[in-house]
Amino acid sequence: MDLFEYNREKRGLQDAPLAARMRPTSLEEFVGQEQILGEGKLLYRAIKGDRLGSLIFYGPPGTGKTTLAKIIANTTKSEFVQLNATTAGIKDIKETVADAKDRMGMYGRKTILFIDEIHRFNKSQQDTLLPHVEDGTLILIGATTENPYFEVNRALVSRSVIFALEPLQPKDIMTLLQRALKDKEKGLGKYLVQIAEDALMFLANTANGDARTALNALELAVLTTEPNEKGEIQISLEIAEDCIQKRALQYDKDGDNHYDTISAFIKSMRGSDPDAALYYLAKMIYAGEDPKFIARRIVICAAEDVGNADPHALQVAVAAAQAVQFIGMPEGRIPLAQAVTYISCAPKSNAAYLGIDKALHDVRQIQIQGVPPHLRDGHYSGSTELGNAIGYKYAHDYPQHYVAQQYLPDELLGTVYYDMTDNGVERRMKEHMKRLKNGKDETYEK
């Protein structure tokens with residue numbers, strides 16, 4: 001690097017957006033992604049020991065993919081070369097490969113090739129990389145926001161270790177914002193910034209796990225706000241809303257409003273009001289609530305409040321939870337909305353929920369001598385001498401596959417745990433059970 005190139009690079013960094021200037025340069029500065037970068041984890045050890053194989057970083061924007069590549073560039077003894085798949089072509093790849101071969105032959109030095117947005121390379125471009133990754137000429141590091149199992153050559157994927165980066169937690173983004181406010185060299189520390197706590201929390205919460213979004217909004221707020229007579233730049237919640245173009249909601253994920261909203265959400269589904277349930281769902285999504293948390297509450301409501309009045313409700317809820325994990329947000333709002341409206345409109349029964357709680361109470365409170373002898377295991381040698389399974393009636397040997405016999409322990413005879421309602425499918429189940437016990441020769445139809 002000559003003097004002119006050095007000056008250009010230095011000047012470019014000074015003029016770069018805050019998010020680029022504040023990019024961490026070491027593992028110690030990196031924030032978040034403890035699931036892959038915690039001390040002792042594979043990636044942490046590989047970077048620290050400069051023992052990297054080919055890697056693919058996969059995750060949403062602003063979660064640290066390029067930052068990790070830059071950290072590797074700062075720590076490795078290998079030559080680090082960067083290409084962007086939106087502008088590079090096969091010619092660039094071939095030139096990089098030729099340089100890598102010369103470097104290895106002349107100096108015995110490896111080459112790490114970082115390709116940002118690798119999913120944008122077409123099949124032939126990815127195929128050009130493959131033999132050189134396979135023979136070790138290049139150590140590939142790819143970054144992508146798309147699922148590499150779908151968008152990247154299978155052969156490249158099989159020769160790489162894939163690390164999934166999750167959206168940053170609000171606490172992580174808060175750390176980065178506070179760091180930027182204090183840093184006088186690269187950040188905003190040279191300004192006298194007074195930012196309201198609710199404004200800072202709003203930026204951290206509404207960035208949806210994207211550190212770049214939060215830092216860009218903070219920089220915009222500081223640079224577009226006139227200082228007061230004391231020279232202080234005061235950033236209020238209203239200014240933060242304007243800079244991120246999103247209205248703040250009274251929704252603290254750890255506070256009363258969070259619990260009030262989820263309570264209203266559940267009660268609206270239980271109360272068969274799909275419009276109210278959709279409103280509270282939208283409020284939580286807009287406020288950045290974890291969609292997995294929402295999905296769990298929907299699954300619980302399907303079992304607790306709909307139950308066997310409509311057994312399909314639980315299937316819809318579980319499918320929605322799986323769909324959210326599979327497709328992510330914002331598209332995940334669609335299966336969530338489908339499950340919410342289905343549960344809201346379904347017939348309701350909490351009989352199974354009440355039944356298990358009543359049974360658990362009796363398990364805790366009533367001393368039971370044991371399982372009735374005729375229900376005990378009779379398969380092992382000597383079991384009949386103990387009286388096990390003697391007199392047991394096999395239900396499938398009888399009409400309607402039902403025969404009356406004692407199942408509850410003696411101490412609980414006559415106890416009813418499952419008190420079925422007259423709603424939906426449960427009504428037909430109740431009628432079926434009544435017919436069975438009365439000896440009627442009719443069948444239960446689902």
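Throughout, numbering of the chain's residues begins at 1 and tracks the sequence. These figures come from a predicted structure and were not determined experimentally.
Put simply, the side chain of L192 does not reach to within 4.5 Å of the side chain of I233, judged on heavy atoms. A 4.5 Å side-chain heavy-atom check between I115 and N84 finds every atom pair outside the cut-off. Looking at heavy atoms from C-beta onward, I195 lies in side-chain contact with L218 at the 4.5 angstrom threshold. Side-chain atoms of I93 and F121, non-hydrogen and from C-beta on, do get closer than 4.5 Å to each other. Using a 4.5 Å heavy-atom threshold, the side chains of M174 and M201 count as touching. Put simply, the side chain of L168 reaches to within 4.5 Å of the side chain of Q33, judged on heavy atoms.
Taking every heavy atom of both residues into account, L37 and Y44 meet most closely at O-CD1, 3.5 Å. Between A19 and N216, the shortest heavy-atom contact is CB-OD1, 3.8 Å. When all heavy atoms of A207 and I173 are compared, the pair lying nearest together is CB-CD1, 4.0 Å. For the residue pair A351 and D419, the shortest heavy atom distance occurs at CB-O, 3.4 Å. Scanning both residues, P167 and P60, for their nearest heavy atoms gives CG-CG, 3.9 Å. When every heavy atom of D92 is checked against every heavy atom of T87, the shortest pair comes out as OD2-O, 4.4 Å.
Between K292 and E166, no side-chain nitrogen of the basic residue sits less than 4.0 Å from a carboxylate oxygen of the acidic one, so the salt-bridge criterion is not met. Using a 4.0 Å cut-off between a side-chain N of Lys or Arg and a carboxylate O of Asp or Glu, K123 and D127 qualify as a salt bridge. In summary, K283 and E289 do not engage in a salt bridge, as defined by a charged side-chain N under 4.0 Å from a carboxylate O. By the 4.0 Å N-to-carboxylate-O rule, E219 lies close enough to R21 to be salt-bridged with it. Using a cut-off of 4.0 Å between Lys/Arg side-chain N and Asp/Glu carboxylate O, E431 and R427 are scored as salt-bridged.
In this structure a side-chain-to-backbone donor-acceptor pair under 3.5 Å is present from S272 to S344. Here the side chain of R159 pairs a donor or acceptor atom with the backbone of A155 at under 3.5 angstrom. With N308 contributing its side chain and P311 its backbone, the two residues share no donor-acceptor pair below 3.5 Å. No donor-acceptor distance shorter than 3.5 angstrom exists from the side chain of D242 to the backbone of E238, with no hydrogens or angles considered. Looking at R23, its side chain never comes within 3.5 Å of a backbone N or O of K70 through a donor-acceptor pair. Between the side chain of R179 and the main chain of E29, a donor-acceptor pair closer than 3.5 Å is present. Not one N or O on the side chain of T63 forms a donor-acceptor pair closer than 3.5 Å with the backbone of G59. A donor-acceptor contact shorter than 3.5 Å is absent between the side chain of K190 and the backbone of K186. Formation of a donor-acceptor pair under 3.5 Å by the N74 side chain with backbone atoms of T25 is found in this model. Judged by distance alone, with hydrogens and angles left aside, the side-chain atoms of K48 form no donor-acceptor pair with the main-chain N or O of A46 at under 3.5 Å.
Within a 6.0 Å sphere centred on CD of Q338, heavy atoms belonging to other residues, nucleotides or ligands number 12 at most. Within a 6.0 Å sphere centred on CD of E39, other residues, nucleotides and ligands contribute 12 heavy atoms or fewer. Residue K348 qualifies as enclosed at atom NZ: its count of foreign heavy atoms under 6.0 Å is above 12. Counted within 6.0 Å of NZ on K358, heavy atoms from surrounding residues, nucleotides or ligands total more than 12; the atom is thus considered enclosed. Within a 6.0 Å radius of CZ in R154, other residues, nucleotides and ligands contribute 12 heavy atoms or fewer. Residue-environment remark: CZ (R364) exceeds the threshold of 12 foreign heavy atoms within 6.0 Å.
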Audit row: T421, E426, side-chain hydrogen bond (donor to acceptor under 3.5 Å, both in side chains) steps and yes/no: CA-CA 6 Å; T421 69; E426 202 165 55; 2.7 Å; yes

CA sep, side-chain torsions, deciding dist, call: Y107, D102, side-chain hydrogen bond (donor to acceptor under 3.5 Å, both in side chains): CA-CA 8 Å; Y107 309 110; D102 290 343; over 6 Å; no

Pair T175-K171, side-chain hydrogen bond (donor to acceptor under 3.5 Å, both in side chains): steps then yes or no: CA-CA 6 Å; T175 298; K171 64 179 179 61; over 6 Å; no

E151 vs Y58, side-chain hydrogen bond (donor to acceptor under 3.5 Å, both in side chains): CA-CA, chis, key distance, verdict: CA-CA 11 Å; E151 302 296 336; Y58 159 50; over 6 Å; no

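Looking only at atom types and distance, the side chain of Y353 has no donor-acceptor partner in the side chain of D305 under 3.5 Å away. Side-chain contact, K94 with T128: no donor N or O sits under 3.5 Å from an acceptor N or O. In summary, the side chains of T76 and D50 do present a donor paired with an acceptor at a separation below 3.5 Å, with no hydrogens or angles considered. Side-chain contact check for D362 and Y417: at least one donor-acceptor pair (N or O, by modelled atom type) lies under 3.5 Å.
Taken from CZ in R428 to CE in M420, the straight-line distance is 13.0 Å, to the nearest 0.5 Å.
Under the side-chain contact (heavy atoms from CB on, under 4.5 Å) test applied with T144, the options R120, H119, K65 reduce to a single match, H119.
Using a 30° and 60° split on the angle between ring planes, F163 and F57 fall in the tilted class, from 30° to 60°.
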